[in-house]
Amino acid sequence: MADAISVSAPVSGTDKTLTFETGKFALQSQGAVIARIGKTQVLATANAAKGVRDGIDFFPLTVDVEERAYAAGKIPGSFFRREGRPSQQAILTCRLTDRPLRPAFPDGYRNETQVVITVIGADQVNPHDVLSINAASASFMISGIPFDGPIGAVRLAYSQDGTWIAHPTFEEGENATFEIVVAGRELDNGDVAIMMVEAGGTEKSFEFYESGAPKVDEAVIASGLDASKVWIKESIKLQRQLVASVIATRGPIEPLKYTPVLDYTDELFAAVERVATDKLQPAIRIALKSDRNAAIDAATADTLVALAEEFPGQEKAIKEAVRSLTKKLVRQRVIGEGVRIDGRGPADLRPISAEVGLIPTAHGTGLFQRGETQVLNVLTMAMPKMNQMIDSITPETSKRYMHDYNMAPWANGETGRVGSPKRREIGHGALAERALFPVVPDQETFAYTLRLVSEVLSSNGSTSMASVCASSLSLMDAGVPIKAPVAGIAMGLIYEGGKYTALTDILGAEDAFGDMDFKVAGTADAVTALQLDTKIDGIPADVLAAALDQAKEARTQILANMNSAIAEARPEVAATAPKIHTIFIPMDKIGEVIGPKGKVINTIVQETGADIAVDDDGAQGIVTIGAVEAWRMEEAK
């Protein structure tokens with residue numbers, strides 16, 4: 001058995017220790033690192049193909065997370081008693097890991113690359129998702145694969161007394177008002193550039209606010225981004241120590257030899273710029289997405305004809321050069337003229353509309369439209385027995401608030417596969433769920449199980465934030481007493497010539513041509529969710545703080561529009577929804593309610609037609625009675 005190379009360091013401000021180890025497991029992997037915090041540990045393996053697939057025009061990076069039930073001392077609950085498809089938590093961890101890693105690979109690197117994170121120890125105290133980001137980065141650092149790391153990551157929990165807790169336990173997270181995950185890289189000047197942010201409030205956020213805890217607003221988040229740098233640097237420092245130990249023990253790490261793939265030459269781009277600029281300039285000023293795309297397609301076709309003899313057989317390269325030129329022209333117009341594709345200024349919103357009560361059979365509906373982005377959200381309410389059971393390696397065992405997101409190809413006027421949700425759909429649904437979760441009343445206050453489904457009817461920029469707005473509308477339409485309406489907005493950013501320009505309410509093309517995708521959701525005075533990704537080497541924290549303030553102005557305008565459709569929850573649940581009443585009874589009386597072999601409760605159900613559920617997991621028994629017709633519920637009560 002090979003001797004392990006291990007480095008450890010205390011996590012500042014905590015009693016925890018972060019450890020990276022290599023040389024003992026997965027010896028044939030190009031890079032393999034065990035990362036530990038507490039008794040939670042993950043194995044990250046990084047590998048890359050030696051060559052490039054023919055015709056590949058993108059960077060094929062794959063991140064997979066394998067959750068093993070044995071890590072938590074469990075046997076899988078499935079019929080086959082083994083792990084099947086990835087859980088939603090595993091998919092979200094894949095996305096969380098992928099996002100800060102992807103910008104750290106060099107341009108032109110197209111070798112198929114994969115990092116697989118296997119959770120081999122889950123102590124039910126310390127989460128494994130942020131540990132996975134650090135482990136993945138460490139595995140690339142010792143693999144020889146071209147990677148501009150290290151990338152460090154930390155989760156911070158904002159406690160009720162207004163302090164940030166690094167690498168919080170599950171319990172510390174639940175007792176906090178807000179959690180934020182930040183990943184970044186260290187710059188030459190010693191500062192940290194932010195590369196990814198994922199954040200959200202907790203179930204108890206507004207309960208804590210009402211008891212006097214400070215609300216999480218833009219200033220608090222800015223302080224969290226700044227505070228995160230300490231622990232990001234600690235992870236980066238420890239990864240560099242691991243690399244130094246590997247070199248000292250085994251010798252230099254042999255870099256992977258690769259040939260950069262160029263989409264086009266400088267000569268070809270100059271020719272495209274000469275031929276296509278005059279055709280593209282008017283095209284990028286067309287506001288309507290379909291018309292703009294048609295004009296750009298026509299300019300591309302003309303360019304292909306014009307350069308066919310000068311660059312024979314290079315149609316694909318010419319198309320890529322036209323796309324790059326389009327990006328260049330769009331960015332120049334924003335930076336130089338302060339005017340965007342559709343004629344708006346950097347901080348301007350598109351036209352907004354909101355409606356409720358569109359489907360009479362539904363329990364709650366909300367339709368939200370912002371420019372060409374349109375989302376319909378439909379809410380279904382049910383008895384608590386419909387809570388989703390979770391079979392995972394974390395302490396979470398059930399969910400009573402669920403949000404699903406669907407987007408078919410026709411939302412973009414295209415054809416394509418329709419079926420099970422992809423990682424993108426799962427991620428967008430989870431983001432919208434996180435945005436509304438803090439304002440939803442708990443199950444003891446409002447007994448219903450809630451499932452929201454967002455159907456994207458038209459897409460041109462931030463359907464996930466439109467889903468947040470539509471969800472808030474449908475909750476209020478259904479009579480769910482949420483703490484406050486929630487709206488979301490997507491921000492973009494262009495960095496050119498040392499200048500950062502933040503864009504409010506980005507179009508799909510601005511997302512593709514920009515350097516940052518930044519989504520913020522919240523009430524009028526508190527942030528409930530946040531997500532940020534960059535395509536460049538990170539964003540200064542002060543730039544993000546300014547973008548947060550700009551996002552709040554937009555959120556305030558959107559909330560005002562939503563309030564014109566419905567400003568607060570309806571006083572009663574919809575006529576089509578079940579009517580639920582909850583009775584608390586002493587634990588020693590539960591047997592009498594149920595009766596021998598369920599005889600008493602079954603008789604009540606048969607005679608009244610009501611649905612009855614008994615929960616005896618807490619300090620007292622909870623009997624929930626439900627029926628669509630209120631008289632049935634009253635009779636059963």
Side-chain angles (χ1 to χ4, degrees), residues 58 60-69 76-99 102 112 114-119 129 132 198 359 362 365-366 373-380 382 386-394 396-437 449-468 470-471 474 508 511 517 519 529 531 533:
F58 64 96
L61 171 66
T62 304
V63 178
D64 291 304
V65 173
E66 300 289 319
E67 294 178 334
R68 299 299 189 225
S78 68
F79 180 81
F80 296 103
R81 291 294 184 262
R82 70 166 297 162
E83 294 83 3
R85 65 181 184 182
S87 68
Q88 177 168 308
Q89 179 59 46
I91 291 170
L92 295 176
T93 303
C94 290
R95 288 172 57 84
L96 197 70
T97 305
D98 181 296
R99 285 157 46 200
R102 190 172 291 272
E112 189 165 353
Q114 182 182 39
V115 58
V116 179
I117 296 152
T118 307
V119 185
D129 52 357
S132 298
E198 186 84 20
I359 302 176
T365 52
T373 292
Q374 184 187 56
V375 174
L376 172 70
N377 185 273
V378 182
L379 168 64
T380 305
M386 293 304 292
N387 285 5
Q388 181 184 10
M389 291 189 294
I390 307 290
D391 181 26
S392 75
I393 61 173
T394 69
E396 185 180 29
T397 57
S398 68
K399 285 174 62 175
R400 56 82 59 133
Y401 175 76
M402 298 159 276
H403 185 282
D404 294 324
Y405 167 105
N406 299 313
M407 180 170 154
W410 46 257
N412 281 311
E414 301 171 350
T415 61
R417 184 181 70 85
V418 176
S420 57
K422 298 182 283 293
R423 288 184 178 185
R424 175 184 176 276
E425 280 74 23
I426 290 171
H428 280 16
L431 176 59
E433 180 178 303
R434 190 181 311 115
L436 272 298
F437 186 56
T449 295
L450 306 171
R451 180 183 183 239
L452 296 95
V453 179
S454 288
E455 303 285 359
V456 179
L457 307 181
S458 179
S459 172
N460 186 11
S462 191
T463 51
S464 64
M465 292 297 95
S467 296
V468 170
S471 298
S474 66
D511 185 7
D517 180 16
K519 300 167 184 174
Q531 187 179 87
D533 295 297

Side chains of [X] and [Y], heavy atoms from C-beta outward: is any pair under 4.5 Å?
{"X": "V119", "Y": "R68", "answer": "no"}
{"X": "R99", "Y": "E198", "answer": "yes"}
{"X": "P409", "Y": "V418", "answer": "yes"}
{"X": "K399", "Y": "E433", "answer": "yes"}
{"X": "I117", "Y": "T93", "answer": "no"}
{"X": "Q114", "Y": "D64", "answer": "yes"}

Practice item. Not counting sequence neighbours, list each pair that qualifies as a ring-ring contact (aromatic ring centres under 6.0 Å, His included) and has a residue in residues 399-430. Key: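 The answer is Y405-H428.
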Enter the distance from [X]:[atom1] to [Y]:[atom2] here, rounded to the nearest 0.5 Å.
{"X": "D404", "Y": "Q88", "atom1": "CG", "atom2": "CD", "answer": "7.5 Å"}
{"X": "D533", "Y": "R95", "atom1": "CG", "atom2": "CZ", "answer": "8.0 Å"}
{"X": "I426", "Y": "L431", "atom1": "CD1", "atom2": "CG", "answer": "14.0 Å"}
{"X": "L457", "Y": "L376", "atom1": "CG", "atom2": "CG", "answer": "5.5 Å"}
{"X": "S464", "Y": "D517", "atom1": "OG", "atom2": "CG", "answer": "7.5 Å"}
{"X": "S454", "Y": "M407", "atom1": "OG", "atom2": "CE", "answer": "12.5 Å"}

Would you find more than 12 non-hydrogen atoms of other residues, nucleotides or ligands less than 6.0 Å from [X] atom [atom1]?
{"X": "R82", "atom1": "CZ", "result": "no"}
{"X": "F79", "atom1": "CZ", "result": "no"}
{"X": "M402", "atom1": "CE", "result": "yes"}
{"X": "R85", "atom1": "CZ", "result": "no"}

[Y] backbone acceptor or donor facing [X] side chain under 3.5 Å:
{"X": "R102", "Y": "L61", "answer": "yes"}
{"X": "E83", "Y": "P76", "answer": "no"}
{"X": "T373", "Y": "N460", "answer": "yes"}
{"X": "D391", "Y": "G77", "answer": "yes"}

Closest heavy-atom pair and its distance - [X], [Y]:
{"X": "A435", "Y": "V468", "value": "CB-CG2, 3.7 Å"}
{"X": "T463", "Y": "V375", "value": "O-CG2, 3.8 Å"}
{"X": "L379", "Y": "S474", "value": "CD2-O, 3.8 Å"}
{"X": "A362", "Y": "V378", "value": "CB-CG1, 3.8 Å"}
{"X": "R400", "Y": "N387", "value": "CB-OD1, 3.3 Å"}

Practice item. Using the test salt bridge (Lys or Arg N to Asp or Glu O under 4.0 Å), find all partners of E67 that sit at least two apart in sequence or belong to another chain. Key: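 Salt bridge (Lys or Arg N to Asp or Glu O under 4.0 Å) check on E67 returns nothing, list empty.
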Practice item. Could you please spell out the steps behind the side-chain contact (heavy atoms from CB on, under 4.5 Å) verdict for D129 and L92? Key: CA-CA 9 Å; D129 52 357; L92 295 176; over 6 Å; no
